[in-house]
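Letters A, B, ... are given to chains in the order of the sequence lines, protein chains preceding strands, and every chain is numbered from 1.
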Amino acid sequence: MNFNWISILFRFVLLVGIQVLVFKRINFDYGILSYSHIFIYPLWIMLLPFKTPKPLLLIAGFIMGMTVDAFYHSPGVHAAALVFSAYIRDFVLRIIEPEIGYDPDQPFSIRRLGIIWYISYAALFLLLHLFVYFSIEVFSFVYFYEIMLSTITTLLFSMFIVFIFVLIFNPKS
Amino acid sequence: MRNLLFLLAKFGGTILFILLEVICFYIIITFNESQGDIWKHSTNLLSGNINQKVQNTSDYFALEAINDSLLTENAKLLESIINYRVFSKENEFQEFEAIDSNFIEYKFLPARITNKTFNKRNNYITLNKGLQDSIKIGMGVVSSNGIVGIVKNVSEHYCLVLTILHGQSRISAAIKNNDFHGTLMWDEMNPKQAKLIGLPKHATVSVGDTIVTSGYSTVFPYGVEIGNVQDYAPLPNEDSFEIIVNLFNDIPAVTHCYIIRSIKQEEKLEIELGVEDEF
């Protein structure tokens, strides 16, 4: 397997850096928006190479989650959610498999799969990730309404940023 | 071994996923305050519930021992109440010092009923205390609701009690607060009712008055409740009332009794016998 280690590592540092240096500081302090955050670090797991073996994917999710947790002072919460997301990545990919199928060499090429596919992939992946994340953060389904509200508002903001990020970096592999 | 490897290859991802999630959740509930609190609260609810059930079950098995200890405690309380009552009747102007053993005239011993009859003309009950517990013939027996009877016969471990529901039962009883006294007998019909005879005609009686033991016999201390007046009528050709008494104590339903031991009984009997000899 020909992983592009440098680019993966670079993306890791970049995503964590933007996440904890920029988006962590953004607080929406306006009514319903106060429930929302911006999370872009799941993008790293989303964009890991198509053929990454599952155990490696899970460990990657765990490391990324714990790194973010270290800055958010919430040990284990992001990690638990991201390990879950890494586990279901295959199912998500299978659900939204395009008619032309995945190209094993360039699975995540925007040019090949189109921007619509990208947005739906990111939306589904982030939706599941955020729902699990907020459930674990609240740790009780008594607050189901708050969990859903946080998930949806955060999803909207994060999707916007993810969209920009994907346009700028235009991942190929 | 090959099967194990095959299993790992097939389910390795899932196993690792579960393992990592377990680690994550362990970290979450250990290092996060709010999640840890919720975890503790929830597990406490669960374990508290289970503990409660276990406790309930084990409590059930301990009921007998608890019953016995409560009975002993009751006996002590009853003892102090009765002794207080007796003392304050005899020494109206002195203050009662409960702990002082000089004032203890009556001792109470708890006992359990092992056998009883209540559908005959002469009814007895058997208690699980006997010579071993220094029970003697002639001691009085009460329950928490009032008088029960008098010890008729004693064996090593048991004693037979002649209840007040017996044709030959004679108890010295008085109207509470005015001290006119008479003899309580059973009318041999109704286990809830008894007769009080020999009360002088000038006594003031009214329906509802409480009847208590008089304390003139050495068997019962003054003030053990018996029942209340249901009806009364002067006997023809006699200078006394006959009173129908509603018994407080549902004697067929009693399960626990207290045997009363009068400490000064022998002394009292001795001096009274001396008087009788003179006649």
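- Using a 4.5 Å cut-off between heavy atoms, A:Leu57 does not touch chain B at all.
- Partners of B:Asn145 under the side-chain hydrogen bond (donor to acceptor under 3.5 Å, both in side chains) rule, at least two apart in sequence or in another chain, do not exist in this structure.
- In this view, B:Ala194 and B:Leu184, B:Leu247 satisfy the side chain to side chain contact (heavy atoms under 4.5 Å, CB included) rule, not counting sequence neighbours.
- Here salt bridge (Lys or Arg N to Asp or Glu O under 4.0 Å) pairs that include residues 59-73 of chain B, with residues two or more places apart or in two chains, are B:Glu64-B:Arg112, B:Asp68-B:Arg112.
- A 6.0 Å sphere centred on CZ of A:Phe160 holds no more than 12 heavy atoms belonging to other residues, nucleotides or ligands.
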Compile the donor-acceptor pairs, distance criterion under 3.5 Å only, formed between chain B and chain A.
residue	atom	partner	partner atom	Å
B:Thr14	OG1	A:Tyr87	OH	2.9
B:Glu21	OE2	A:Phe84	N	3.1
B:Asn32	ND2	A:Pro75	O	2.7
B:Gln35	NE2	A:Ile136	O	3.3
B:Gln35	NE2	A:Glu137	O	2.9

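- Taking CD1 of B:Ile28 as the start and CD1 of B:Ile23 as the end, the distance is 12.0 Å to the nearest 0.5 Å.
- Defined by atom type and a distance below 3.5 Å, a donor-acceptor pair is missing between the side-chain atoms of B:Glu156 and B:Gln132.
- In this structure a side-chain-to-backbone donor-acceptor pair under 3.5 Å is present from B:Lys129 to B:Pro110.
- Interface summary for chain A: among B:Val22, B:Ile29, B:Ile27, the most heavy-atom pairs under 4.5 angstrom belong to B:Ile27.
- Of the atoms belonging to B:Ile15, not a single heavy atom falls under 4.5 Å from chain A.
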